[in-house]
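Below is one structure, written out as structure tokens; the observations come after it.
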Amino acid sequence: MEHETSITQLLVKWSHGDQAALEELTPHVHHELQSLARAYLRRGRPNQTLQPTAVVNEVWLRLIGQSQLPRWEDRAHFFGIAARLMRLILVDYARAHHAAKREGAAEAITLQETILLAPTRAPDVLEVNEALDHLAKVDERKAKVIELRYFGGMEREEIAAALGLTLHTVKRDLRLGEAWLRRFLLGESAA
């Protein structure tokens, strides 16, 4: 808890332009982002050419390269934004990889638990991205909960704290969101 508090304090200081806070913060969050990227890519497709360091560097550049710094609320808010950026980077990479192949479908970049979403085959990141975009149109909160869980690597308790929800609501949103995504990925009517 102390570690989370110090990260939150450093994020707030950085939001107010304190460069020393950014320098102190960098190794702490970089290590956590590296762990998230490594875990995510390890669960991905074999022969993955994208390296965790490249994902983290891109996320970090996008976070610190903004002309106006976000007002960070806490550690969970920061990692929620980082999860969204990681998702966008992986989607961009998958699209570029797909375009380069031209004759084939995008390689599967799986999420560890999303095998439940499409049990006959693992969905690729582009399919999951499209499904999440559709889910967000139907129920934005469920889409956000799913994104934080699978792309942000957050535990249910962390998601509840980050979004100001009860643990029961997060569990229900995960269960219902996963069911909706499974139906969408299987081509069934999920509306």
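No experiment lies behind these values; they were computed from the predicted model shown. These values consider heavy atoms only, across backbone and side chains, with no hydrogens, waters or symmetry-generated copies.
- Looking at heavy atoms from C-beta onward, Lys171 lies in side-chain contact with Leu167 at the 4.5 angstrom threshold.
- Using a 4.5 Å cut-off between side-chain heavy atoms of Ile, Leu, Val, Met, Phe, Trp and Tyr, with links allowed through other members, Val12 and Val29 fall into different hydrophobic clusters.
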Q: Could you go through the side chain to side chain contact (heavy atoms under 4.5 Å, CB included) check for Glu130 and Phe184 one step at a time?
A: CA-CA 9 Å; Glu130 179 185 5; Phe184 183 89; 4.1 Å; yes
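- Here the CG-CD distance, from Leu135 to Glu147, works out to 10.5 Å after rounding to the nearest 0.5 Å.
- Remark: Glu158 CD to Asp74 CG distance equals 10.5 Å, nearest 0.5 Å.
- In terms of modelled atom types and a separation under 3.5 Å, the side chain of Asp18 and the main chain of Trp14 share no donor-acceptor contact.
- Here the CG atom belonging to Asp173 is positioned 10.5 Å from the CD atom belonging to Glu178, to the nearest 0.5 angstrom.
- A donor-acceptor pair under 3.5 Å links the side-chain atoms of Arg149 to the main chain of Met154, judged by distance alone.
- Hydrophobic cluster membership is shared by Leu163 and Leu174, with clusters built from Ile, Leu, Val, Met, Phe, Trp and Tyr side chains linked at under 4.5 angstrom.
- Using a distance-only test at 3.5 Å, with no hydrogens or angles considered, a donor-acceptor pair links the side chain of Arg71 to the main chain of Ser15.
- Screening Leu61, Leu63, Asn57, Val56 for a side-chain contact (heavy atoms from CB on, under 4.5 Å) with Val59, the sole residue that qualifies is Leu63.
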Q. Going through the distances and angles, do Leu90 and Leu50 end up as a side chain to side chain contact (heavy atoms under 4.5 Å, CB included)?
A. CA-CA 9 Å; Leu90 292 169; Leu50 188 60; 3.6 Å; yes
Q: Give the C-alpha distance, both sets of side-chain angles, the deciding distance and a yes or no for side chain to side chain contact (heavy atoms under 4.5 Å, CB included) between Val170 and Glu157.
A: CA-CA 8 Å; Val170 169; Glu157 295 79 6; over 6 Å; no
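- Put simply, Phe79 and Ile64 are part of the same group of oily side chains (I, L, V, M, F, W, Y) that touch within less than 4.5 Å, one to the next.
- Atom-to-atom distance recorded for Leu176:CG and Asp139:CG is 8.5 Å, nearest 0.5 angstrom.
- Comment: Glu140 does not engage Lys144 in a salt bridge, judged by the lack of any side-chain N to carboxylate O separation of less than 4.0 angstrom.
- Contacts of Asn129 classified as side-chain contact (heavy atoms from CB on, under 4.5 Å), with partners at least two apart in sequence or in another chain: Arg87, Val91, Arg95, Asp133.
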Under 3.5 Å, side-chain donor or acceptor atoms of residues 19-27 against the rest of the protein: list the pairs with distances, not counting sequence neighbours.
from  : atom 1 : to    : atom 2 : distance (Å)
Thr26 : OG1    : Leu22 : O      : 2.6

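- Side-chain contact check for Phe78 versus Glu73: every heavy-atom pair is 4.5 Å or farther apart.
- Counting all heavy atoms, side chain and backbone alike, Leu33 lies closest to Ala82 at CD2-CB, 3.6 Å.
- Interatomic distance, OG1 of Thr169 versus NZ of Lys142, reported as 9.5 Å (0.5 Å rounding).
- Using a distance-only test at 3.5 Å, with no hydrogens or angles considered, no donor-acceptor pair links the side chain of Glu58 to the main chain of Val55.
- With values rounded to the nearest 0.5 angstrom, Ile81 atom CD1 is found 4.0 Å from His77 atom NE2.
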